[in-house]
Peer 1: 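Mind looking over this structure? Questions follow.
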Amino acid sequence: MVCIEDLQVRNMSKSAAGSTKKRGKNVRAKSGLNKSILDQGWFEFRRQLDYKLAWNGGWLVAVPPHNTSRTCPCCGHVSADNRQTQARFGCVDCGFEENADVVGAINVLRAGHARFACMAGRMACEVSEW
């Protein structure tokens, strides 16, 4: 089983140009970021990952990305203040500290396990009804 965030690439690559009345900030930098995001081929990567996992008897579980990097894996406290920097996570409630990417991965894995358990429960219910 592989768990990934169900990221919306379209939302990640929105323009920073703003409007004619209020000009956007860092338009050139955002333009370069958008180009690099769109050049990666995220859909094809996900499609191939799903295909290869299914071929070998595995599962791809996509979880909503909402608050995966803001939730403390120890106490469950959710706050934007938990994410101190791009790289550091520090829970303002219990004091847990870790690399922000590790915390995100833990939360995605937990959400994936929960989603898979729900999917497996529904499949078992459907099979037992026959």
Side-chain angles (χ1 to χ4, degrees):
M1 178 174 69
V2 174
C3 303
I4 61 171
E5 285 182 313
D6 191 13
L7 297 173
Q8 301 299 316
V9 176
R10 182 179 299 136
N11 294 343
M12 292 168 55
S13 60
K14 284 187 176 176
S15 174
S19 64
T20 54
K21 293 183 180 182
K22 186 175 181 184
R23 189 165 184 274
K25 296 180 181 178
N26 298 325
V27 175
R28 183 172 289 158
K30 179 65 173 147
S31 174
L33 177 63
N34 288 349
K35 183 175 179 344
S36 64
I37 288 171
L38 295 171
D39 282 347
Q40 297 305 311
W42 295 108
F43 177 80
E44 181 61 20
F45 172 76
R46 181 173 167 171
R47 190 187 71 76
Q48 284 289 323
L49 182 61
D50 190 25
Y51 164 74
K52 295 293 185 180
L53 284 167
W55 181 270
N56 291 301
W59 298 276
L60 179 66
V61 181
V63 300
H66 187 67
N67 287 330
T68 54
S69 63
R70 296 178 175 182
T71 303
C72 178
C74 286
C75 69
H77 179 72
V78 180
S79 174
D81 296 334
N82 285 347
R83 190 73 183 263
Q84 298 171 344
T85 66
Q86 181 68 24
R88 283 310 296 161
F89 178 93
C91 182
V92 295
D93 197 40
C94 72
F96 174 78
E97 290 187 1
E98 183 59 79
N99 179 284
D101 291 335
V102 171
V103 169
I106 291 168
N107 290 329
V108 168
L109 182 61
R110 284 185 179 167
H113 282 174
R115 184 163 275 213
F116 183 74
C118 290
M119 291 183 335
R122 267 188 266 146
M123 285 188 272
C125 291
E126 290 171 6
V127 170
S128 67
E129 290 174 0
W130 292 21

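Along the sequence shown, residues carry numbers from 1.
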Peer 1: Applying side-chain hydrogen bond (donor to acceptor under 3.5 Å, both in side chains), which residue pairs with at least one partner in residues 84-99 are found, sequence neighbours left out?
Peer 2: none

Peer 1: Examine distances only and state if a side-chain atom of Asn82 and a backbone atom of Val92 form a donor-acceptor pair shorter than 3.5 Å.
Peer 2: yes

Peer 1: Could you pull out all residues at least two apart from Arg46 that satisfy salt bridge (charged side-chain N to carboxylate O under 4.0 Å, His left out)?
Peer 2: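 Result, salt bridge (charged side-chain N to carboxylate O under 4.0 Å, His left out) vs Arg46: Asp6.
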
Peer 1: How would you list, by chain and number, every residue that makes a side-chain contact (heavy atoms from CB on, under 4.5 Å) with Ser69, sequence neighbours excluded?
Peer 2: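 Testing Ser69 for side-chain contact (heavy atoms from CB on, under 4.5 Å), a comparison that skips the adjacent residues, returns Arg83.
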
Peer 1: Run the side-chain contact (heavy atoms from CB on, under 4.5 Å) test against Arg47 and tell me which residues pass, sequence neighbours left out.
Peer 2: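 Per chain and number, Arg47 pairs via side-chain contact (heavy atoms from CB on, under 4.5 Å) with Phe43, Glu44.
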
Peer 1: With a 4.5 Å heavy-atom cut-off, do Pro73 and Phe96 have their side chains touching?
Peer 2: yes

Peer 1: Find the distance between CD1 (Ile106) and CZ (Phe89) and round it off to the nearest 0.5 Å.
Peer 2: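 The CD1 atom of Ile106 sits 9.5 Å away from the CZ atom of Phe89.
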
Peer 1: Restricting to side-chain contact (heavy atoms from CB on, under 4.5 Å), what partner residues turn up for Asn67, sequence neighbours left out?
Peer 2: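 side-chain contact (heavy atoms from CB on, under 4.5 Å) check on Asn67 returns Arg70, Thr71, Val78.
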
Peer 1: Does the side chain of Cys74 reach to within under 4.5 Å of the side chain of Cys91, using non-hydrogen atoms?
Peer 2: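 The answer is no; the side chains never approach within 4.5 Å.
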
Peer 1: Rounded to the nearest 0.5 Å, what separates atom CG in Asn56 from atom OH in Tyr51?
Peer 2: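 Answer rounded to 0.5 Å: 9.5 Å.
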
Peer 1: Give the cluster check for Val108 versus Val61: same hydrophobic cluster or not, with ILVMFWY residues linked at side-chain heavy-atom distances below 4.5 Å.
Peer 2: yes

Peer 1: List for me each residue that meets side-chain contact (heavy atoms from CB on, under 4.5 Å) alongside His113, sequence neighbours excluded, and say none if there are none.
Peer 2: Met1, Leu109

